[in-house]
Amino acid sequence: SHETALALCGFPMPTWPYRPAIHVSTHRPHREPRTAGVVGHRLQRRDPAVRLTGDGLRVEHPVRAWRQCATRWSLDDLIAAADALAADAVSGASLDALRDEIAVMGDTRGGLLARALVEARDGVRSPRETRLRLLLIRAGLPEPRINWVLRDRAGVFIAELDLAYPRWRVAPEYDGRVHADDPVQFARDADRWEAIRRAGWHHVRCLNHHVRGRGDTAVALVARALVEAVRTRWPDYPVALHLHDTRGLGIANAYAGLNITPDFVITAYVENVFDNDAITYVHPEAFLDGRHGRLRPRTFGVRSSYIF
């Protein structure tokens, strides 16, 4: 069950330093397995939904296994797994099937599964492509199209782009270099890159070291390509580039109140105690003119209220 079932079905696991465990489950009223090196679970009673691996192992259905992983995985790992399930029409599951599982069995901590499905997409081929897409969106760049088919003016196929900004002719792609040791495949890739460039597109290859950590390098590469595309089309148009991490922010407020009478209250307050200037909103076209909103600066005040 859990991540073990997904791994046995060939779906992606969280990357290092995360260390997957071996999960084995039973359904109530049976007791969970208690064996060294195995994480045992006792699942709720429901109709079984299992699959057989090529070795004849009974594993939990990927839809259920995905939901079970929410107790251990991060938001981005759940998004990557949902992308992978949705992309596999044979062994995977649709995003609607994942939503149905949540509706039947409920969500977990902080609505993590529902949040993952908000950012999951159909057609994504690898967890690294998922990561690159999330990095770009969370930095305030527009959401790229997935698996965009590039054709010439006569409609002849040129390439299928993992991620694309058709309006700006920018194609970011994660290059895992898995074909670097295969001369034939590498030659095909090189011809493909050249064909994309000849079609007037800016092909941005993001390598593994570009997407590590916060992925600032990958974001900067794509952002520069988008800005250059705007400047090329409208050379006299002023372009301001604003990149911000929109994954979250913290704000602290302080309040102290005094009841003058049972019906009359005076409250002193400090909003945004640490004067955080975080971005709270980024327009989807933020790379054009920097339309965004910030937290209000540290504010002191007094409020009074009276209950009539």
Side-chain angles (χ1 to χ4, degrees), residues 75-76 78-80 82-84 86-87 95 114-151 158-175 192-193 196-197 199-208 210-249 277-295:
L75 173 64
D76 286 3
L78 290 168
I79 295 171
D83 280 356
L95 297 180
R115 289 165 55 199
L117 291 183
V118 169
E119 297 189 81
R121 298 292 182 268
D122 287 307
V124 183
R125 295 191 180 93
S126 79
R128 284 295 184 175
E129 291 176 21
T130 297
R131 173 159 172 73
L132 178 57
R133 184 185 84 247
L134 295 177
L135 286 173
L136 300 179
I137 296 171
R138 291 168 179 173
L141 298 181
E143 180 169 348
R145 301 286 294 273
I146 297 172
N147 297 339
W148 176 265
V149 176
L150 176 61
R151 303 180 185 275
I158 297 176
E160 185 173 274
L161 308 175
D162 296 337
L163 300 174
Y165 294 103
R167 182 180 182 186
W168 311 111
R169 293 177 174 265
V170 172
E173 287 190 338
Y174 173 73
D175 184 355
R192 176 178 177 274
W193 302 331
I196 294 171
R197 286 191 286 268
W201 282 62
H202 190 144
H203 183 239
V204 185
R205 293 169 58 200
C206 296
L207 305 181
N208 187 53
H210 294 150
V211 300
R212 288 177 186 161
R214 293 168 57 90
D216 293 340
T217 302
V219 171
L221 289 171
V222 177
R224 282 197 293 267
L226 288 169
V227 170
E228 185 60 32
V230 175
R231 287 174 174 163
T232 299
R233 185 174 298 185
W234 297 295
D236 298 326
Y237 191 92
V239 178
L241 180 61
H242 298 268
L243 297 179
H244 308 283
D245 186 348
T246 58
R247 282 175 288 188
L249 57 90
D277 65 347
I279 299 294
T280 58
Y281 171 78
V282 179
H283 190 275
E285 301 291 340
F287 70 95
L288 283 177
D289 57 13
R291 286 171 284 184
H292 59 273
R294 293 183 179 274
L295 286 172

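One is the number of the first residue; the rest follow in order along the sequence. Since the structure is predicted, the reported quantities are computational estimates derived from the model, not experimental observations.
Of the inter-residue distances, the one linking Trp201 atom CH2 with Ile158 atom CD1 reads 9.5 Å to the nearest 0.5 angstrom. In this structure, Asp76 CG and Leu134 CG are separated by 5.0 Å, a value rounded to the nearest 0.5 Å. We find the CZ-CZ distance between Arg169 and Arg167 to be 13.0 Å, quoted to the nearest 0.5 Å. Atom CD1 of Ile146 is separated from atom CG of Asp122 by 8.0 Å, given to the nearest 0.5 angstrom. For the atom pair CD1 (Ile79) and CG (Asp83), the distance works out to 7.5 Å, reported to the nearest 0.5 Å. A distance of 11.5 Å separates CG of Leu221 from CZ of Arg205, quoted to the nearest 0.5 Å.
Nearest heavy atom pair, residue Leu78 against residue Ala116, reads CB-CB, 3.9 Å. Heavy atoms only, all atoms of each residue included: Ile196 and Ala159 are closest at CG1-CB, 4.0 Å. Nearest heavy atom pair, residue Gly215 against residue Leu135, reads CA-CD1, 3.9 Å. Minimum heavy-atom separation, Thr130 to Ala80: CG2-CA, 3.9 Å. In plain terms, the two heavy atoms of Leu117 and Ala82 that are nearest each other are CD2-CB, 4.2 Å. Minimum interatomic distance between Ala199 and Leu150 (heavy atoms only, all atoms of both residues): CB-CD2, 4.1 Å.
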Pair Leu163-Glu129, side-chain contact (heavy atoms from CB on, under 4.5 Å): steps then yes or no: CA-CA 8 Å; Leu163 300 174; Glu129 291 176 21; 5.5 Å; no
From CA spacing to verdict: side-chain contact (heavy atoms from CB on, under 4.5 Å), Val204, Tyr165: CA-CA 11 Å; Val204 185; Tyr165 294 103; over 6 Å; no
Audit row: Arg233, Trp168, side-chain contact (heavy atoms from CB on, under 4.5 Å) steps and yes/no: CA-CA 9 Å; Arg233 185 174 298 185; Trp168 311 111; 4.2 Å; yes
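Side chain of Arg214 to main chain of Val211: no donor-acceptor pair is present (N/O by atom type, distance under 3.5 Å, no hydrogens or angles).
Paired with Glu173 under the rule salt bridge (charged side-chain N to carboxylate O under 4.0 Å, His left out), one option of Arg128, Arg133, Arg192 passes, and it is Arg192.
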